[in-house]
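The block underneath contains the structure these notes are about, expressed in C-alpha cells.
Side-chain atoms are counted along with the backbone in the values below, which use heavy atoms only and exclude waters and symmetry mates.
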Amino acid sequence: MPTTISMKQVNKIYTTGKIPFHALKDVDFEVEQGDFVAIMGPSGSGKSTLMNIIGLLDVPSSGNYELNGIDVKDLSDDDRAYLRNQEIGFVFQSFHLLPQLTLLENVELPLVYAAMPGRERRERARIALEEVGLARWQNHRPLEVSGGQMQRTSIARALVSSPALILADEPTGNIDSQASSEIMKLISAFNERGTTVVLITHERDIAEYASRLILIRDGRLSEEQMSRHADVGVDTRFGAPAITEVNHV
Amino acid sequence: MFRESMKMAWASLLANKMRSLLTMLGIIVGIGSVIAIVGVGDGAKNLIMDEFEGVGTSSVIISARSSEAEQQDMITVVDIEEMRNLESVRLVTPSVSGFGYIHQHTRESNLMFYGVDQDYPQFISMDIISGRAFTPTELASRQPIALIERTSAEKLVGNSDPVGEIVEISSGGRRQTVTIEGVVETSASSFMSMAPDTGNGEEMPITLYIPLQAAQELISDRDYFSMILVMSDNPNMVEETGNQVIRLLEANHNNSDKNIYNKRNVTDLLDQANRIIGIVTTAISAIAALSLLVGGIGVMNIMLVSVTERTKEIGIRKALGATTGDIMFQFMTESVIVTFLGGVIGVVIGLVTSELLGNLLGFEAKVGITVILVALIFSSSVGLFFGIYPARKASLLHPIDALRNE
Ligand SMILES: Nc1ncnc2c1ncn2[C@@H]1O[C@H](COP(=O)(O)OP(=O)(O)O)[C@@H](O)[C@H]1O
Ligand SMILES: [Mg+2]
C-alpha cells in the first residue's frame, strides 16, 4: 500500500512574533492509505500546526514532507491549491462554512474550484448532503441550522470531491455529545470505505474511533499503542484526567 | 468560474446596497455628465446643420455691421445688380425682416415679417401647404398680400384655413392691410422660432412673408439693405465668392479701410458652434474625469474594506482549492461590476438629463450607441484598474492567516 503521508525531521518555527516559536520539533510521521489516525495533545501543543502542514495550508520550516510521493517543497502555491482541491477534504472545528451561501452551495464550493459544470456539481453536492442526512436542508443557510448540522455539511463538503485524505481538526469541539457521535460515525464510515483520515482531538473518547493514536506535546510526537474496546486508563501525562470508559460500535 | 464570480459579486453587492451605491456615485456623476454633454452638444450640432440645410452650404450671408455702418455704406439695389453680374455669384437676394404687430379683430399679436423677392425661395425652401404661392409679378410688386408660416397659422386661426383672411399689420407706426394667400412650411421654420424675443412677453411672433417692396415700405420706405444672401456658383468657392462681393461693396462705397462688411456662412457658424461646444465639453470632461478618478479611488477603498471583512472567506476558499488567480478574479469581477453598474446608472441619468436639457433649449438631444458603449467600457475599465490592488491583496493572503481571522 502506498504511503500517503511521509514526514521526516519536520520542524516548524513561527517567526511572526517577537521571539521565534518552535511549534514542531523533528517530527517523523507516516500515514498509510486507509489509516485512521487520531492526534491528541493539549492546547498549544502544535496539533493544528501539524494539520496545516499535512493539509498543504502551510509549509515546514525544515525537514521533508511528501504527500502521495510528491515532495511538497517542489510545489507552487497553485499546485498546492490544486492538491488541496483534489486530494484533501478539510473539516474544521468552527465549520468554516460561508454564511451567505446555502448548505448546497457550500458543499458545491470545492467542485467550483475543480471547474466542474454547474449541473453535475449540484447533483454531486446534493448526493453528498443526502449521505450526511441533510438533503431536506439543502436550501437553508448555515446560521439557520444547528452546530451538528453545520458540521455534517462541512463533512459533505470535505467528501464531495472524493478526496483520498480527510483532515479533521477537532471536528467535535464545538458541538454537543450526541451530535459528536453522529459526526464520528460518519467519519468512520468514510474511513471504512477507504478514505484516509487524520483526526485531531483532545477528547479521548473521540480518539477511540481511530485505529492509531499519536500523542503530541510541545511539538513532539509519540505513538501510543491502542487497544480498542478496552479501558485505556487515565493518561496522567496530560496533567488532567482523560475519559476512561469508551463505548461505541 | 466566471458565472460563479458574477453570482458572488452580485450577492455581495446586494448585501451592502447603500455602500455599493455610494461607491458608484463618483462613476455615476462622471459618466452621467459625459453622456449629458455629448447628447446636448451633438443635438445642438444637428440643429445647426438642419437649420442651415435650407440656406445651403453654398450660401453666404453678407451684412453691414450695424455699429459701424452709416447710410452711405448700406447695400443698394445697384450693388446687388452688379453682384449678379459677378461670375462666381449665382443668386443674390436682400434679407429684409422686421418686427411689428398683427391685428385681427380685437386681438393683437407679435409679428415677424420677411420681405421676399423671386430669388428668396432659392435660398430658403418654401413649401406651400395650402392656398398658393406668390406669382413673379406679385413678387416684384408691393401688393398687400402675405404667406403665413404653418405654425403661425395654427396660432392665428386654429384649425380653420387662414387663406383669404384679411389682417392688419403694423410696424413702427406704419400700418398695412394684407390678404393671406397661402400657408408655407419653410426650411427655416424652427430656426425662426428661435429668433430673438420681441420684448413683448414670451410668445413667439407670428411669421409672415410679404413681397420685398411691401416689407421695405413697412419698415422705412428705404431702398437699401443691411443684409443680403449670396449664393455662390460653386459650393467649394463660398469663401472666395463672399470676399469678391465684399470687395465689390467696398469699391462701390469707397470704404475698404473701415471693415464694414461681415460675411458668415454655414461652415463659419458650425465652426463657431463647435468651438463653444468644445469648450463646454472640455470643462465637463475635466469634471467627469475628476469624478471618475474619485470614483475609482472610492471603489479601491471599498474593495480593500471588503477584502479585510472577508479575510476568513478568502481563507476558506483557498483551503478548498481556490488558486491565487481564482481569488483575484473574484474580486476583480466585483469591482468591475460595481463600476459597470455605476456606468449603466450614469448613462441612464445622462440620457434623461440631455433629453431634459434638449427640451429646455428646443432641440432633440442625440446620444449615439457608440458613445454609450464607450462610456460603459470606460467605467468598467475604471473598476478593472482600481480593482487590481485590492484583488491582488486578497489573492496573496496566506490561507492560514486568513482562516485564523475572525
Ligand atoms: N502564526 C503563528 N505565529 C506564531 N505562533 C503561532 C502561530 N500559529 C500558532 N502559533 C503557536 O504555536 C503553538 C502551537 O499552535 P497550534 O498548532 O495552533 O496548537 P494546537 O492546535 O495544538 O492548540 C501555539 O503556542 C501557538 O501560539
Ligand atoms: Mg488547534
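Around atom CD of E364(B), no more than 12 heavy atoms belonging to other residues, nucleotides or ligands sit under 6.0 Å away. Around CZ of R126(A), the count of heavy atoms belonging to other residues, nucleotides or ligands within 6.0 Å exceeds 12. Shown here is F340(B), whose CZ atom has no more than 12 heavy atoms of other residues, nucleotides or ligands within 6.0 Å. At most 12 non-hydrogen atoms from other residues, nucleotides or ligands lie less than 6.0 angstrom from CD1 of I19(A). Enclosure of atom NZ in K393(B) is not indicated, since only 12 or fewer non-hydrogen atoms of other residues, nucleotides or ligands lie within 6.0 angstrom.
Once rounded to the nearest 0.5 Å, the distance linking CG of L320(B) with NE2 of H96(A) reads 10.0 Å. Put simply, NZ on K312(B) and OG on S94(A) are 5.0 Å apart, with the number rounded to the nearest 0.5 Å. Note that CG of N52(A) is 3.0 Å distant from CD1 of I400(B), once rounded to the nearest 0.5 Å.
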Audit row: I316(B), R157(A), side chain to side chain contact (heavy atoms under 4.5 Å, CB included) steps and yes/no: CA-CA 12 Å; I316(B) 294 171; R157(A) 182 180 66 184; 3.8 Å; yes

Test log, rule side chain to side chain contact (heavy atoms under 4.5 Å, CB included), inputs T323(B) and Y113(A): CA-CA 8 Å; T323(B) 61; Y113(A) 293 114; over 6 Å; no

Side chain to side chain contact (heavy atoms under 4.5 Å, CB included) between R317(B) and V112(A), worked out: CA-CA 10 Å; R317(B) 290 181 183 278; V112(A) 167; over 6 Å; no

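L57(A) is not listed as a side-chain neighbour of K318(B), based on a closest heavy-atom distance of 4.5 Å or more.
Minimum interatomic distance between A319(B) and F92(A) (heavy atoms only, all atoms of both residues): CB-CZ, 4.2 Å. Nearest approach of A322(B) to A81(A), heavy atoms of both residues: O-CB, 3.7 Å.
Neither the backbone nor the side chain of A11(B) comes within contact range of chain A, judged by heavy atoms closer than 4.5 Å. Using a 4.5 Å cut-off between heavy atoms, L97(A) contacts chain B through its backbone alone, with no side-chain atom that close.
When each of D77(A), D78(A), T16(A) is scored by its heavy-atom pairs under 4.5 Å with chain B, the top score falls to D78(A).
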